[in-house]
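What follows is a short report on a single structure.
Chain letters run A, B, ... following the sequence lines, proteins first and then strands; every chain starts at 1.
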Number of protein chains: 2
Amino acid sequence: MATRTGRSQRRTEALSRERIVEAAVELLDAVGEDGLTFRTLTERLATGPGAIYWHVANKGELLGAATDAVVAAALAVEPAGSPDAPQDGIRAVALGLFDAIEEHPWLATQLATQISHSPWGPVAPRLFETIGRQVRALGVPEAGWFTATSALMHYILGAAGQNAANTMSARTLGPDTDRAQFLDAVSTAWEQLDPDDYPFTRAVADQVRGHDDREQFLAGIDLVLAGVTALHLTNG
Amino acid sequence: MATRTGRSQRRTEALSRERIVEAAVELLDAVGEDGLTFRTLTERLATGPGAIYWHVANKGELLGAATDAVVAAALAVEPAGSPDAPQDGIRAVALGLFDAIEEHPWLATQLATQISHSPWGPVAPRLFETIGRQVRALGVPEAGWFTATSALMHYILGAAGQNAANTMSARTLGPDTDRAQFLDAVSTAWEQLDPDDYPFTRAVADQVRGHDDREQFLAGIDLVLAGVTALHLTNG
DNA sequence: ACCTGAACACCGTTCAAGT
DNA sequence: ACCTGAACACCGTTCAAGT
């Protein structure tokens with residue numbers, strides 16, 4: 001009668017750091033950040049906590065490794081050949097991260113945590129390098145590399161995370177609630193804010209309705225890119 | 001002999017949601033996110049967990065209230081009279097948040113968590129409204145309000161958070177480690193990355209050395225503002 | 001209405017013991 | 001070298017009982 005969730009049989013393959021990280025990612029995707037515990041993880045891997053601690057120092061390191069693995073996979077898809085428009089390279093990287101965060105909603109919070117708890121860890125440099133190469137390909141002079149790359153990085157992480165939050169919220173409202181319905185709900189909620197305290201937000205509420213979020217995300221990228229071009233007189 | 005930490009005597013003032021939130025902020029500032037527990041909080045307030053749960057639904061709500069309180073205070077300082085250069089309004093708001101995150105480093109992670117866990121909560125609209133008003137004052141046409149405001153908001157939160165992380169890391173390295181020394185350490189670490197995998201980051205490492213972070217932060221703001229101007233032909 | 005504090009279920013982590 | 005699993009300290013939360 002005891003319900004066997006997943007693969008709780010005796011394990012055949014040997015344990016390894018990669019298998020543990022892989023299981024952690026699957027668990028994060030399936031049950032979210034709060035659902036990943038050493039209990040659920042050991043059950044899934046059919047082992048004990050001590051075995052996991054043999055391969056991984058602690059939970060923080062495990063979350064870091066899971067984050068890095070997903071980010072690395074997302075950035076690896078980046079097309080090698082540069083397209084005719086140099087800005088398409090950045091758009092591709094940005095959309096890759098956008099999709100990854102949407103597919104793994106826990107990624108948004110984890111990226112913020114990783115970057116702010118250990119900026120010297122593997123995640124931050126990986127992101128910085130990938131985005132930075134596209135900035136360089138854009139023809140930005142070296143003096144502007146740091147500013148342009150970090151502006152793009154912060155916008156991408158923030159906007160994609162915000163968007164994943166919207167997707168999650170829509171799911172919470174009901175499994176059949178789609179994005180349009182949710183944006184409609186947000187729009188309506190904003191329109192009901194106090195007119196004295198929130199005149200701007202109320203005024204903008206209507207714009208949110210009917211917006212395609214991917215398009216909106218790219219509009220933000222283009223805005224930052226316009227700033228890069230304006231300040232650095234890139235490819236005239 | 002028992003060490004009485006802080007004000008663990010019998011409490012005189014009545015408990016209230018505000019007093020609880022205030023104590024939570026003080027505790028977060030003093031001992032960080034992990035140090036705030038219902039144990040430490042009840043000790044500081046000389047009460048029991050049940051008393052706190054009478055005023056606050058759960059820990060998440062408490063963290064949300066603490067975040068909102070600090071953000072509201074930071075944004076309230078915003079100067080009422082608009083200066084001659086319209087961009088100074090945005091710079092003032094941005095620096096206000098920058099300073100708040102630096103003073104309360106837990107704010108960076110919490111802002112990300114709050115915005116991504118409950119975008120309908122008080123924090124996100126408050127930020128959006130305050131930044132948005134400055135965008136409007138800039139003369140941006142209504143069609144661009146949403147894109148411009150969210151681009152600025154995401155850059156501000158990301159860059160200020162990144163910076164707070166640097167400050168914290170410097171403190172971890174040693175109490176007498178100042179920012180210049182830390183940036184030097186980061187610069188050196190980046191220069192030692194694999195040349196094949198991180199050519200861009202290595203090339204930019206030298207720029208990081210000797211940069212003033214506040215100046216760097218404002219450079220990013222100006223980059224996004226340049227994008228706003230370029231795309232919307234604002235106050236040409 | 002507001003507060004007390006013991007109790008509960010659960011968490012991350014450790015470690016002596018096995019192979 | 002790698003894994004087991006009981007045990008530990010601690011956490012957020014509940015709730016019957018008090019005032």
Side-chain angles (χ1 to χ4, degrees), chain A residues 2-5 7-25 27-28 30-67 106 109-110 113-114 117-118, chain B residues 2-5 7-25 27-28 30-67 106 109-110 113-114 117-118:
Chain A
T3 38
R4 283 198 179 273
T5 326
R7 49 182 88 160
S8 56
Q9 342 281 347
R10 200 105 229 100
R11 146 178 48 87
T12 57
E13 308 171 60
L15 220 48
S16 70
R17 195 181 152 95
E18 291 96 60
R19 271 184 48 76
I20 292 171
V21 171
E22 183 192 329
V25 170
L27 225 33
L28 285 164
V31 290
E33 207 163 335
D34 292 342
L36 174 68
T37 71
F38 275 79
R39 304 286 194 289
T40 56
L41 193 56
T42 52
E43 194 193 349
R44 178 157 203 140
L45 290 169
T47 182
I52 292 174
Y53 277 94
W54 178 260
H55 296 277
V56 159
N58 51 45
K59 195 178 180 181
E61 192 188 295
L62 178 59
L63 284 169
T67 303
W106 50 272
T109 304
Q110 269 311 302
T113 307
Q114 290 304 318
H117 282 37
S118 58
Chain B
T3 39
R4 282 198 179 274
T5 326
R7 50 181 88 161
S8 57
Q9 341 281 347
R10 199 105 233 97
R11 145 180 46 90
T12 58
E13 308 171 60
L15 220 50
S16 70
R17 195 182 152 97
E18 291 95 60
R19 271 184 48 76
I20 293 171
V21 171
E22 184 192 328
V25 170
L27 225 35
L28 285 164
V31 290
E33 206 165 334
D34 291 341
L36 174 67
T37 71
F38 274 80
R39 303 286 195 287
T40 57
L41 193 57
T42 52
E43 194 192 351
R44 177 156 203 141
L45 291 168
T47 183
I52 292 174
Y53 277 94
W54 177 260
H55 295 278
V56 159
N58 51 47
K59 195 178 181 182
E61 192 189 295
L62 178 60
L63 284 169
T67 303
W106 49 272
T109 305
Q110 270 309 305
T113 308
Q114 290 303 320
H117 281 38
S118 58

- Query: So, A/T42 side chain and A/R39 main chain: donor-acceptor pair closer than 3.5 Å or not?
  - Reply: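 Checked: pair present.
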- Per side chain to side chain contact (heavy atoms under 4.5 Å, CB included), B/L27 is matched among B/L45, B/L36, B/T37 by B/L36
Once you round it to whole Å, what is the distance between [atom2] of [N] and [atom1] of [X]?
{"X": "B/I20", "N": "C/dC3", "atom1": "CD1", "atom2": "C1'", "answer": "11 Å"}
{"X": "B/L27", "N": "D/dG12", "atom1": "CG", "atom2": "P", "answer": "11 Å"}
{"X": "B/R19", "N": "C/dC2", "atom1": "CZ", "atom2": "P", "answer": "15 Å"}
{"X": "A/H55", "N": "D/dT4", "atom1": "NE2", "atom2": "P", "answer": "9 Å"}
{"X": "B/L15", "N": "C/dT4", "atom1": "CG", "atom2": "C1'", "answer": "12 Å"}

- Query: Which comes earlier along DNA chain C counting from the 5' end, the contact point of A/Y53 or that of B/I52, where each point is its nearest nucleotide?
  - Reply: B/I52
For the atom pair [atom1] ([X]) and [atom2] ([Y]), what is the distance rounded to the nearest 0.5 Å?
{"X": "B/L41", "Y": "B/K59", "atom1": "CG", "atom2": "NZ", "result": "9.5 Å"}
{"X": "B/L15", "Y": "B/T47", "atom1": "CG", "atom2": "OG1", "result": "5.5 Å"}
{"X": "A/N58", "Y": "A/I52", "atom1": "CG", "atom2": "CD1", "result": "12.5 Å"}
{"X": "B/L63", "Y": "B/T113", "atom1": "CG", "atom2": "OG1", "result": "8.5 Å"}

- Message: If the condition is side-chain hydrogen bond (donor to acceptor under 3.5 Å, both in side chains), which residues does A/S118 pass it with, not counting sequence neighbours?
- Response: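 Scan of A/S118 (side-chain hydrogen bond (donor to acceptor under 3.5 Å, both in side chains), adjacent residues dropped) gives none.
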- Query: Partners of B/Q114 by side-chain hydrogen bond (donor to acceptor under 3.5 Å, both in side chains), sequence neighbours excluded?
  - Reply: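 B/Q114 satisfies side-chain hydrogen bond (donor to acceptor under 3.5 Å, both in side chains) with B/Q110 once adjacent residues are dropped.
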- Evaluation steps, side chain to side chain contact (heavy atoms under 4.5 Å, CB included), between A/R17 and A/E22: CA-CA 9 Å; A/R17 195 181 152 95; A/E22 183 192 329; over 6 Å; no
- Message: Taking Watson-Crick (N1-N3 plus N6-O4 or O6-N4) and G-U wobble (N1-O2, O6-N3), each under 3.5 Å, can you produce the dot-bracket string of DNA chain C? Use [ ] for crossing pairs and | for inter-strand ones.
- Response: ||.|||||...|||||.||
- Message: Looking at every heavy atom in both B/V56 and B/E61, which two are closest together, and how far apart are they?
- Response: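 Minimum heavy-atom contact is CA-OE2, 4.0 Å.
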- Counting only non-hydrogen atoms, which of residues 56-64 of chain B are less than 4.0 Å from DNA chain D?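 Heavy-atom contacts with DNA chain D come from B/N58, B/K59.
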- In residues 32-41 of chain B, which residues come under 4.0 Å of DNA chain D by heavy atom?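 B/L36, B/T37, B/F38, B/R39, in order of number.
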- Query: Where the side chain of B/P49 is defined as all heavy atoms beyond and including C-beta, which of C/dG5, C/dC3, D/dC3 is the nearest nucleotide?
  - Reply: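 Looking only at side-chain atoms, B/P49 lies closest to C/dG5.
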- OP1, OP2 of D/dC2 versus side-chain N and O of A/W54: anything below 4.0 Å?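 Checking D/dC2 against A/W54, a side-chain N or O does come within under 4.0 Å of OP1 or OP2.
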- Sequence neighbours excluded - ring pair (Phe, Tyr, Trp, His ring centres under 6.0 Å) pairs with any residue from residues 32-66 of chain B: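 Listed once each, the pairs are B/F38-B/Y53.
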